[in-house]
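Okay, so here's the structure we're looking at.
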Amino acid sequence: MSEHEQDGQEREFDLRWADDAEHKEPSARARMLAARWKHDPPGPVPFRPDPDHRSRGRRSRSSWISTAVVFGCVAAVIVLLGYINFRAPH
C-alpha cells in the first residue's frame, strides 16, 4: 500500500470519527449570541409587522408615479427615435 493511499484512509477515518462524534462544538457566532442572550435575552419579534395603512397608501401612489415616469420615458425615446429616422435622408 502506498503512502498516498494510507494518508487517504487515515483522513477518511478521521472524517468518519468526527462526523460520528456525539457532541459538536457550536460555532463562534452561536457561542457569542448565547453569551449575550444569557444576560440580555432578545424580545419577541413578529414574523411580519402590522401594516400601517397610511404608509401603504403612499407606497401604492408612489408606485403608480414611478410606473408613469418609466412609461413616459419609454414613449419619449420612441418618439425621439422616430423623429431621428424621419429626418434622416433615405
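The shown structure was predicted, so the numbers you read here are calculated from the model rather than taken from an experiment.
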Side chain to side chain donor-acceptor pair (under 3.5 Å): pairs with one or both residues in residues 33-44, sequence neighbours excluded:
none
Partner residues of A30 under the side chain to side chain contact (heavy atoms under 4.5 Å, CB included) criterion, sequence neighbours left out:
P26, S27
Run through the side-chain heavy atoms of Ile, Leu, Val, Met, Phe, Trp and Tyr, join any pair under 4.5 Å, and report what else lands in L81's cluster.
V77
Side chain to side chain contact (heavy atoms under 4.5 Å, CB included) partners for R87, two or more places apart:
Y83
Co-members of the apolar cluster containing V79 [side chain, <4.5 Å]
none
